[in-house]
Amino acid sequence: MAAGDNPLVRSFEQALAELGAVALAGNTENVVIGHQQLELEVPWSELQAGLQGADPLGWTDRIVELLVARIAAAVVDEPEWATLKFRVMPLLFGRQAGTRFAERCAGALAYPYAEVLLITIAWPVEGGWQFVLQQQLDEWDTSGTAVIGAALDNLRRDTPKEAIQSLEPDHFALDAGDGLDASRLLILDELHDDARACGVLAAAPCREVLSFTPFNRKGYRHLKHLINLAKRCHDSWAFPIIDSLFYIAPHTALHIGVEHDTDGASRLVLPEALAGIHADLIDRGLW
């Protein structure tokens, strides 16, 4: 989001700085801000309406007031685990975004995943998400294991079978319509027969995209398409996560790095464990 000559955007950015908030994503209709444990969507039209009749010199102060009211309406000061355990969901961050998130939301409950990802836990609030903090575990008299277990159970509950769509033979995408498709990387081994049989190569480049192909000869034909999709969506979609790939199978999640040359060529950086998995699949006649 660039201020340029737009006085509204310029005042908005100044207001964010005063609040210690950041802009996470945006388009011509909305902007998503991060403030401490909150992630909130704010419509530009709402800000414009709140500024009607106000002196432009006071826009920044007025926007601060509007955002503080929006934050106060969304935040739950004393949430109860008995209710939240049916609402929490896992949200994934890549390395860079995860570092920025940790700086903004100190003490957030988070778990490393497949070496390069961070699993956070949040529940929906008006216009966005509120993230679970480590200190809340004591308040709720529960454990981190119970919280992430509940989040995964809720993700399973809210993943319809028809969410998996075939892009072409042996190349699939998942679209549950809730903006949490990348989070299904965590349960992908439960959602498709190929993941259970031979594992899959998957891309989760941004929060709303998850695509995969079986780790076998048929699936390997789509590898270039999967790599290109991961790069394209990571570079252009909101809430980017990572532009590389993962091998997902029951009890296994391996990061597969992707190096992009200046001439457009791509090379995989394969983990050593994948060579053993490949050899095992050949021995079992699954390759």
Test salt bridge (Lys or Arg N to Asp or Glu O under 4.0 Å) on R196 and D189 and set out the steps.
CA-CA 6 Å; R196 289 185 287 267; D189 61 304; over 6 Å; no
Side chain to side chain, [X] and [Y], heavy atoms closer than 4.5 Å:
X	Y	result
F172	L167	no
D181	R207	no
F246	L254	no

Are [Y] and [X] an aromatic pair, judged by ring center distance below 6.0 Å?
X	Y	answer
F239	F93	no
W44	F12	yes
W287	F215	yes

Single-linkage hydrophobic cluster, 4.5 Å side-chain cutoff, Y113 and V209 together:
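They do not share one cluster, since no chain of ILVMFWY contacts under 4.5 Å joins Y113 to V209.
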Do you reckon I121 sits in the same ILVMFWY cluster as F131, going by side-chain contacts under 4.5 Å, direct or chained?
yes
Please give me the minimum heavy-atom distance between [X] and [Y], naming the atom from each residue.
X	Y	value
I241	A182	CD1-CB, 3.6 Å
V200	P214	CG1-CA, 4.0 Å
C105	L133	SG-CD2, 3.7 Å

Would you give the length of the straight line joining atom [atom1] of [X] to atom [atom2] of [Y], rounded to the nearest 0.5 angstrom?
X	Y	atom1	atom2	result
N27	E41	CG	CD	7.5 Å
E259	R267	CD	CZ	5.0 Å
Q52	R62	CD	CZ	11.0 Å
L174	L188	CG	CG	7.5 Å
L229	K224	CG	NZ	14.0 Å

Ignoring hydrogens and geometry beyond distance, is a side-chain donor-acceptor pair present between H260 and S266 at under 3.5 Å?
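Looking only at side-chain atoms, S266 and H260 do form a donor-acceptor pair, the distance falling under 3.5 Å.
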Return yes if a side-chain donor-acceptor contact under 3.5 Å exists between H171 and S211, otherwise no.
yes
Do other residues, nucleotides or ligands put more than 12 heavy atoms under 6.0 Å from H225 NE2?
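Incorrect, the count does not exceed 12.
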Heavy-atom donor-acceptor pair, R184 side chain to L180 backbone, under 3.5 Å:
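Looks like yes, one N/O pair under 3.5 Å.
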Do any N or O atoms from the side chain of Y247 and from the backbone of T252 form a donor-acceptor pair under 3.5 angstrom?
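No; judged by distance alone, with no hydrogens or angles, the pair does not exist.
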